[in-house]
2 protein chains.
Amino acid sequence: MVNVIAVASHAGVSPATVSRVLAGRVPVAAATRARVLQSVEQLGYRPNETARSLRAGRGRAVALVTGDIEQGLYAGLAKHVQGEIEGLGLDLLLFNLGHREDRLQHFLERAPSLGLRGIVLASPHVMDMAQLAPAMRAVMRSGVTVLSVSQDLSSFDIASIVHDETGGAAMATEHLLDQDRAPVGFLGRIETSAVGRARFDGYRTALEARGIEVDPDLVWDISKGYRADAGYQAASRAIDTGLRFRSVLAASDELALGGMAAAADRGLAVPQDIAFVGFGGLGWGVFARPAMTTVSLDAYAMALAVGEVFRSGSLPHRQIIPTKLVIRRSSC
Amino acid sequence: MVNVIAVASHAGVSPATVSRVLAGRVPVAAATRARVLQSVEQLGYRPNETARSLRAGRGRAVALVTGDIEQGLYAGLAKHVQGEIEGLGLDLLLFNLGHREDRLQHFLERAPSLGLRGIVLASPHVMDMAQLAPAMRAVMRSGVTVLSVSQDLSSFDIASIVHDETGGAAMATEHLLDQDRAPVGFLGRIETSAVGRARFDGYRTALEARGIEVDPDLVWDISKGYRADAGYQAASRAIDTGLRFRSVLAASDELALGGMAAAADRGLAVPQDIAFVGFGGLGWGVFARPAMTTVSLDAYAMALAVGEVFRSGSLPHRQIIPTKLVIRRSSC
DNA sequence: AACCCCTATGAAATCGTTCTCATACAGCCG
DNA sequence: CGGCTGTATGAGAACGATTTCATAGGGGTT
């Protein structure tokens, strides 16, 4: 491997001068600079990133910790966050929890020794902060920027970038009520997910604002995560047990798709018999049939906000990304 | 930051001994070992990964380079590859090209100086190997394991793990012919994608095996990547121009979904008027209505193969992952 | 008792870069 | 002509871990 010493001796200068030329900081004689640059070019020298990191005290990587990168918003988030991070000349380390929190604990313990620039936590799951707090604090103390995306941890003094999940769910619920679609069911409550609870809160708030009490029979819990099969099963059970409802707000697009399939299999027309609203705004929603009304989340906006944090170096306490309701055939 | 010197002086030994204890290699007196371990515990010492990497000459990261991590197979691939890599005690660096090849060039040039353990190339796009070869070779010379996943680059002496795309497409085409669904259209040929060409080859091979010539009018090119809107547009145009076909093999599930939506919007019944087969085996396909027949790809199997490469250290020349046809309502 | 071997440990070099401090030399002023 | 200022550069330390080489003893053999 060609190193700074090789370049220096090739150019007939000291390593210090090579370093100076490449950093472009201190004044170097024009002739010397040219000679060094030529040697760099000629030998194809690239500074060793590891040595730089060691010397600098920290590296150039930001870790993205996802709950399940395969699902919903998170693939898009990974894509756009990577783009932002790369734009800043940093690298993205990906860590996928896959519904196992002990791995987060483990990762946090390892984090300070990795020389990370930052950690972007992008998991919707409620975390046991009592257990996580010590590791978290150790990480932050070691100069790592910690950021929670999608879950609001601002009450634990962790900068958070979150969607207005509650507002979005409320908007969707109001939309269904406006269409005279009461009773409205809620498909896919997950109690162990902060994001899931926020969505349910929006549903409840909107109902109560119109003097409607939440009917526990019309709230269908799931445990497995926001997947289509869970939506299919929960909706099938609801329909088969003869519950009366004229619309469904699903906690994710995948759940809504499963729910719509269940309705179709039972000869119920969407939206005539049951209207559906999904959550997430995934690309294929517009090509489901009927096209799916959905609360649209903005992975790109989140990624931009993440990029801005690392660009400016200043942490927001809590930044809220608006959601918007995209109305399509499944609810009209 | 607590380092090996701090631990050493706390335990009353030299840094060398601390290192020995942690490596567990050379014999260390039991009493000394216990004392060192206690100090490690007490001070919460974690070896600095950057310093280790510098000393060792390479780090513990593997880079995953995707074309578009948001699409089709690749989110699942990222998830499972991350799991495998983590299981080996390594970290995953994510690099998403987003349809811009010059960034790959750039990344390859930077790669040797990052001390990477390996690079897993997971992009379906044809690459200009003439341009890429020098950087590629430089990377491999510097001791980095290079691996192409999903695109066959074995002819360039790059170890490749690929799906049997051609076989899958042939199977799907035969299935449609067996159902007496000729003429069969091909939705979404991409000439600039090696994977896309392999899928088209399977289609053509299967037709020719039955003495049917490919009808160029029934092959619909797209340029934008395997997205549902491209499928919708291409299928709409095909139907509106009055082409005669009774089934469609799509180059991806997303394209098939768009195509099915286009058919539905024109009052055509799936599968009665037009049968559809998708490609990819994405989770939601079973909940499309009608449920989608698809050629199923196995991201997990690919990830396992990737893991095996780094576990064993030996590169396959070319490893082929079988595909299978999952038959559902959209084609029966 | 002298010698040797083996175990347990420490001192110091090393990885490649950056940065601080020191120095050499040129030019300028008194 | 001596001393001062300032620019251009080099020598060497530092980052934190690993590893080679050297050495101090303890125990065994002759």
Side-chain angles (χ1 to χ4, degrees), chain A residues 1-37 39-40 43-61 89 110-117 142-144, chain B residues 1-37 39-40 43-61 89 110-117 142-144:
Chain A
M1 176 62 84
V2 41
N3 58 14
V4 71
I5 298 179
V7 175
S9 74
H10 184 272
V13 297
S14 76
T17 300
V18 175
S19 180
R20 273 189 278 256
V21 169
L22 265 64
R25 282 175 136 60
V26 228
V28 176
T32 311
R33 154 167 291 117
R35 206 145 30 90
V36 168
L37 287 178
S39 295
V40 165
L43 300 178
Y45 168 69
R46 296 258 161 184
N48 180 314
E49 212 43 68
T50 308
R52 276 192 162 170
S53 299
L54 176 60
R55 177 64 227 236
R58 64 173 184 174
R60 307 192 60 78
R110 227 160 51 86
S113 66
L114 288 175
L116 294 174
R117 208 48 88 84
S142 74
V144 178
Chain B
M1 177 62 81
V2 40
N3 58 14
V4 71
I5 298 179
V7 174
S9 74
H10 183 273
V13 297
S14 76
T17 299
V18 175
S19 179
R20 275 190 275 257
V21 168
L22 265 64
R25 282 173 137 60
V26 228
V28 175
T32 312
R33 153 167 291 119
R35 203 146 31 90
V36 168
L37 288 177
S39 294
V40 165
L43 300 177
Y45 168 70
R46 294 260 162 183
N48 180 314
E49 212 45 66
T50 307
R52 276 190 163 173
S53 299
L54 176 60
R55 177 65 227 233
R58 63 172 184 175
R60 306 193 59 79
R110 225 160 51 86
S113 65
L114 288 176
L116 294 175
R117 208 49 86 84
S142 74
V144 179

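Note on naming: letters A, B, ... go to the chains in the order of the sequence lines (proteins, then strands), and numbering restarts at 1 for each one.
Here the options are V36(A), T32(A), N3(A), V28(A), the test is side chain to side chain contact (heavy atoms under 4.5 Å, CB included), and the partner is V18(A); only V36(A) passes.
The phosphate of dG16(D) (OP1 or OP2) has no side-chain N or O of N48(B) nearer than 4.0 angstrom. In this model, the phosphate group of dC15(D) is not approached by any side-chain N or O of S53(A) to a distance below 4.0 Å at OP1 or OP2. Taking side-chain N and O atoms only, Y45(B) has a distance below 4.0 Å to OP1 or OP2 of dA17(D). In terms of phosphate contacts, R20(A) brings no side-chain nitrogen or oxygen within less than 4.0 Å of OP1 or OP2 of dT18(C). Distances shown here put every side-chain N or O of T50(B) at or beyond 4.0 Å from the OP1 or OP2 atom of dG16(D). Regarding contacts with the backbone of dG10(D), a side-chain N or O of T17(A) is found under 4.0 angstrom from either OP1 or OP2.
For E49(A) and dT17(C), the CD to C1' distance is 10 Å, given to the nearest whole Å. Remark: C1' of dT14(C) and CG of N3(A) are 12 Å apart, rounded to the nearest angstrom. In this entry the distance linking CZ of R58(B) with P of dC15(C) reads 18 Å, nearest Å. Rounded to whole Å, atom C1' of dA14(D) lies 10 Å from atom CD1 of I5(B). Rounded to whole Å, the distance from CZ on R52(A) to C1' on dC15(C) is 16 Å. The CZ atom of R33(A) sits 10 Å away from the P atom of dA8(D) (whole-angstrom rounding).
Note on V18(A): nothing from the nucleic acid sits closer than 4.0 angstrom, heavy atoms only. In this structure, V28(A) reaches the sugar-phosphate backbone alone: every heavy-atom distance under 4.0 Å involves primed, P, OP1 or OP2 atoms, never a base. Residue contacts for G115(A): at a heavy-atom cut-off of 4.0 Å it reaches no nucleic acid atom on any strand shown. Among the heavy atoms of the strands lying under 4.0 Å from A29(A) are primed sugar atoms or P, OP1, OP2 only; no base atom is included.
In this structure, H10(B) and V7(B) have side chains that are not in contact, with every pair of non-hydrogen atoms separated by 4.5 Å or more.
In this structure, A8(A) and P15(A) approach most closely via the heavy-atom pair CB-N, 3.5 Å. Between G59(A) and S53(A), the shortest heavy-atom contact is CA-OG, 3.4 Å. Shortest non-hydrogen contact noted between P47(A) and L22(A) is CG-CD2, 4.0 Å. Contact between G44(A) and V2(A) at its shortest, heavy atoms only, is O-CG1, 4.2 Å.
End-to-end axis angle of the helix from dA1(C)-dT30(D) to dG30(C)-dC1(D), from C1' rotation axes over five pairs per end: 70° (rounded to 10 degrees).
Of the possible donor and acceptor atoms, none in the side chain of R33(B) sits under 3.5 Å from a partner among the backbone N and O of V21(B). Looking only at distances, no side-chain donor or acceptor of R60(A) sits under 3.5 Å from a matching main-chain atom of R117(A).
Residue S14(B) is the one, among S14(B) and S19(A), whose nearest nucleotide of DNA chain C lies closer to the 5' end (criterion: closest heavy atom).
At a cut-off of 3.5 angstrom, the base of dT14(C) holds at least one donor-acceptor pair with the side chain of R55(B).
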